[in-house]
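Note that the numbering runs from 1 along the sequence shown for the chain. This one's a predicted model, so the numbers in the text were calculated from it and none came from an experiment.
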Amino acid sequence: MTRIVVLGGYGAVGRAVARTLAPTLPGRIVVAGRDPRRADAFVAQHPDALVARRVDARDPGDVAAVLTGARVLVMCLESGNEQVARRCLERGVHYVDVSASLGVLSAIGRLDPLAVRNGVTAALSVGLAPGLTNLLARHVTDRLADAEAVDLTVLIGTGERHGPGAVDWLLDNLAASVPEAGGPGPLRVGLPGYGRRTTHPFPFSDQYTLRRTLGVPVTTRLCFDSAALTAAVFALRRGPALRLLRRPGVAGAVSAAMARLRLGSDGFAVRATARAADGRLAAYALTGRGEARVTGVVAALVARHLHGGGAPAGVRHLDQFLDPAAFFAQLGEYGVGQHELPAGTDHRRNPMSGSG
């Protein structure tokens, strides 16, 4: 009886992974993590569907033990990812990682020869961004074969509870997103359900991996459902505000305040626009509610795909082995809306980075 292990399975994303998988693989989903009380409490809500195991991702013995009888491991932590991935691939276990950090994904990418040699898959860029953005980029470039560039947009709702780790990641990357002279700038974009928004370049990992997998320049931009918050957050990148933000005490206080912030909804929107040299566009968007929940759903569907076999061996990003249209149709069952956007949808550069 092969199992799927969800490491970090009692966190927000891990719970969504386990809940999504449980109906089709009852009794074969292992909720694993360092805190057995949290794992047991979550599993008790789903009797006969989930199994709890104490696993420290930093302990090779723990990881080896939980991989016995496993076919897939879903990594919902950012702690020792490369080491866990290596152990999975060495033992012939498929690996799914929800990390959004380019450094983590690059380290795992170097394990490609190992994965190919052992005939297993390590699936990366699994979530909202990276993840659905990767599939959207492939979807629009499939429709516009002569695309010369792709613009990705991510709108995040401020009403969803984001943990300190997610907020720290946002602040760290905000500091790294200061525009370079001559580089991509803000863009005015139409988003289904949200109208026109000013979006700002942000160092999501998808744009770096997609430049390699699609062979075209890609820029990813970010905004929030609150236009005022978008303007305020990106204004922090300017001069003294950014230097202040980098101070440990200030950064911690800002992180704590943002984790408690509730200004909007838990909605999200992601959009991809491919542009040809003659101005033709192909654009598509996805919308839904609950970023963490949908990240978990995406990871669960990918894990189920690998569990069933048929994915190419090696380290692969979602756009390299999933059919976008078919996957979007699956997501529709979980409340994710699809939006075919007409050519000519408002998508204009805006030199005023502070506008909302």
Side-chain angles (χ1 to χ4, degrees), residues 81-82 85 97-113 115-116 121-155 169-170 172-187 189 199-223 270-286 295 298 302 311-312 314-325 327-328 341 347 349:
N81 300 58
E82 188 270 344
D97 199 310
V98 305
S99 175
S101 298
L102 183 61
V104 171
L105 303 184
S106 297
I108 296 169
R110 292 191 283 271
L111 300 177
D112 181 65
V116 172
T121 305
L124 305 182
S125 298
V126 179
L128 194 69
L132 295 186
T133 50
N134 296 63
L135 289 176
L136 282 167
R138 179 181 156 193
H139 191 56
V140 295
T141 53
D142 284 348
R143 292 173 174 234
L144 192 66
D146 58 343
E148 65 169 9
V150 174
D151 289 299
L152 298 174
T153 301
V154 180
L155 179 146
W169 179 88
L170 174 67
D172 288 344
N173 283 279
L174 181 67
S177 69
V178 179
E180 298 180 3
L187 198 63
V189 178
T199 64
H200 301 264
F202 199 77
F204 286 105
S205 64
D206 48 16
Q207 58 202 312
Y208 306 109
T209 58
L210 284 165
R211 290 169 194 171
R212 175 175 56 84
T213 61
L214 296 182
V216 297
V218 178
T219 300
T220 309
R221 294 175 174 84
L222 172 68
C223 67
V270 285
R271 167 181 167 150
T273 304
R275 294 183 283 110
D278 61 4
R280 286 175 296 116
L281 302 177
Y284 206 81
L286 302 172
T295 294
V298 171
V302 171
V315 179
R316 299 289 183 266
H317 298 270
L318 291 200
D319 55 289
Q320 294 180 292
F321 70 94
L322 289 180
D323 175 74
F327 196 76
F328 297 160
L341 303 177
H347 190 265
R349 300 193 181 282

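The backbone N or O of G103 sits nowhere less than 3.5 Å from a side-chain atom of S101 that would complete a donor-acceptor pair. Formation of a donor-acceptor pair under 3.5 Å by the R138 side chain with backbone atoms of D319 is found in this model.
At least one side-chain heavy atom of S125 sits less than 4.5 Å from a side-chain heavy atom of L105. Residues L135 and F327 are in side-chain contact: their nearest non-hydrogen atoms beyond the backbone lie under 4.5 Å apart.
For the atom pair T209 OG1 and Q320 CD, the distance stands at 8.0 Å (nearest 0.5 Å). Atom CZ of F328 is separated from atom CG of L286 by 5.0 Å, given to the nearest 0.5 angstrom. Atom CG of D146 is separated from atom OG1 of T141 by 11.0 Å, given to the nearest 0.5 angstrom. The structure places CG of L222 at 8.5 Å from NE2 of H200, a figure rounded to the nearest 0.5 Å.
Taking all atoms of both residues into account, the shortest heavy-atom contact from G127 to V298 is N-CG1, 3.8 Å. Between L111 and E82 the shortest heavy-atom distance is CD2-OE2, 3.7 Å. Closest non-hydrogen pair, S205 versus P130, comes out as OG-CG, 3.3 Å. The shortest heavy-atom contact between F204 and A129 is CD2-O, 3.6 Å. Of all heavy-atom pairs spanning P201 and P186, the tightest one is CD-N, 4.0 Å. Scanning all heavy atoms of the two residues, the minimum distance from V126 to D97 falls at CB-O, 3.5 Å.
Ring geometry for H139 versus Y284: interplanar angle over 60°, hence perpendicular rather than tilted (30 to 60°).
Side-chain contact check for T273 and R271: at least one donor-acceptor pair (N or O, by modelled atom type) lies under 3.5 Å.
With sequence neighbours left out, R211 forms a side chain to side chain donor-acceptor pair (under 3.5 Å) with no residue at all. Qualifying side-chain contact (heavy atoms from CB on, under 4.5 Å) partners for A137, counting only residues two or more places apart in sequence or in other chains: V150, L152, L210, L214. For T199, the side-chain contact (heavy atoms from CB on, under 4.5 Å) partners are T153, L187, V189, R221, C223, not counting sequence neighbours.
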Item checked: Evaluation steps, side chain to side chain donor-acceptor pair (under 3.5 Å), between D206 and T220 -> CA-CA 8 Å; D206 48 16; T220 309; 2.7 Å; yes
